[in-house]
Amino acid sequence: MPQIASQSALLVRQLRKAYKDVVAVDGLDLEVRTGECFGLLGPNGAGKTTTVEICEGLTAPDSGEVEVLGRRWSSDAAQLRQRLGIQLQDTQLSEKLTVRETVRLFRSFFRQGAEASAVIARVQLEEKQNSRVGDLSGGQKQRLALACALVGDPDFLFLDEPTTGLDPQARRQLWELIEKFKESGRTILLTTHYMDEAEHLCDRVAIMDHGKVIALGTPRALIASTCAEHMVEFTAGTVSHTLDVAALRRIDGVREVRPENGAVVLQVAELHTAVPALLAELTRQNVPLTELRTHSATLEDVFVTLTGRHLRDE
């Protein structure tokens, strides 16, 4: 079997998977480079979960090719399982076992890896190692799930929504663990509904919709190529006022105007010129301003521009 190029940890070509009533993955091409944290983003129904499950060897594709670490699931499944770590969005662990017993159980599945105590220390659960899983908090359970994914000393780590439902402190703790894994030269494929998480952790991201990749690049490059530099959001008027949106689009430096949740969002090149021009236009239309906010463009803005939805609206 030809080996995958050394710089590619995951190579997907013309991947397709259809179910009875929907095409989940539609001719997908994807490459994840060795040593990078790659984010796969998309709304529910975009096909990202099916894609990840195929890459993990949990689901068989209808057609297309998948190579993980230079190997294929059809011929190298046993070898691949020894080199991958997988954390599911909702990992179901036995609540009667202790933390130490759980990690030791997962360690027994691999020919090599760290001692259970070392992995428990790595995810900062030493004080809970004798506690039953059922007594852990949500953040502690997520750290335990990560420990189970790391215990085989994997070369490639799959993380599916690893911080969903966690408080900000617990999320930051998991971010630190993920960053330390990446610093060791290993590869990560991450799915997340948090745009700030993708911007912070990922070297590159792919945005999926309707089974295809519709945007690919570094977070910074995607923001620069898809959105203007700044976003202006405002609410204005009452039921007796009608806003002329077309006039807003004619303001110098305004790249896009869209309604959103009762407000209006503008992509603008320069705040110092666009905001005064906007205020002047609202005055001209005799539409009273009720609220105004600005922020630098983010990956969330890219996502909305491309899909028309916020990722977490789903």
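Counting from 1, the numbers follow the sequence of the chain as shown.
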Qualifying side chain to side chain donor-acceptor pair (under 3.5 Å) pairs with a residue from residues 243-257, counting only residues at least two apart or across chains: E256-R258

Does some side-chain heavy atom of Q285 sit less than 4.5 Å from a side-chain heavy atom of L243? yes

Within-4.5 Å side-chain heavy-atom neighbours: L177 and R143: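 SC-SC contact between L177 and R143 confirmed.
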
With sequence neighbours left out, write down each residue that passes side chain to side chain contact (heavy atoms under 4.5 Å, CB included) with R100, or none if nothing qualifies.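 So R100 forms a side chain to side chain contact (heavy atoms under 4.5 Å, CB included) with T98, R104, S117, I120, Q129.
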
Only counting residues at least two apart or in another chain, list the ones meeting side chain to side chain contact (heavy atoms under 4.5 Å, CB included) with T298.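 Applying side chain to side chain contact (heavy atoms under 4.5 Å, CB included) to T298 gives E199, H295, E300, D301.
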
With a 4.0 Å cut-off, would you call D62 and R16 a salt bridge?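 The answer is no: the pair does not qualify as a salt bridge.
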
Looking at R13 and E65, does any basic side-chain N land under 4.0 Å from a carboxylate oxygen?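 So R13 does not pair with E65 through a salt bridge.
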
Please check this pair: side chain of R293 against backbone of F234, looking for a donor-acceptor N/O pair closer than 3.5 Å.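 Judged by distance alone, no pair lies under 3.5 Å.
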
Under 4.5 Å between side-chain heavy atoms, chaining through other members, with only Ile, Leu, Val, Met, Phe, Trp and Tyr counted: pull out the rest of the cluster around V23, sorted by chain and number.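 Besides V23, the hydrophobic cluster comprises nothing; the residue is isolated.
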
Test item: side-chain donor near acceptor, [X] and [Y], under 3.5 Å:
{"X": "T34", "Y": "T187", "value": "no"}
{"X": "H230", "Y": "E270", "value": "no"}
{"X": "Q267", "Y": "T305", "value": "yes"}

Which salt bridge (Lys or Arg N to Asp or Glu O under 4.0 Å) pairs, counting each pair once, include a residue from residues 164-175, with sequence neighbours left out?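 Non-adjacent pairs meeting salt bridge (Lys or Arg N to Asp or Glu O under 4.0 Å): R171-D196, R171-E197.
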
Side chain to side chain donor-acceptor pair (under 3.5 Å) involving T294 - partner list, sequence neighbours excluded: none

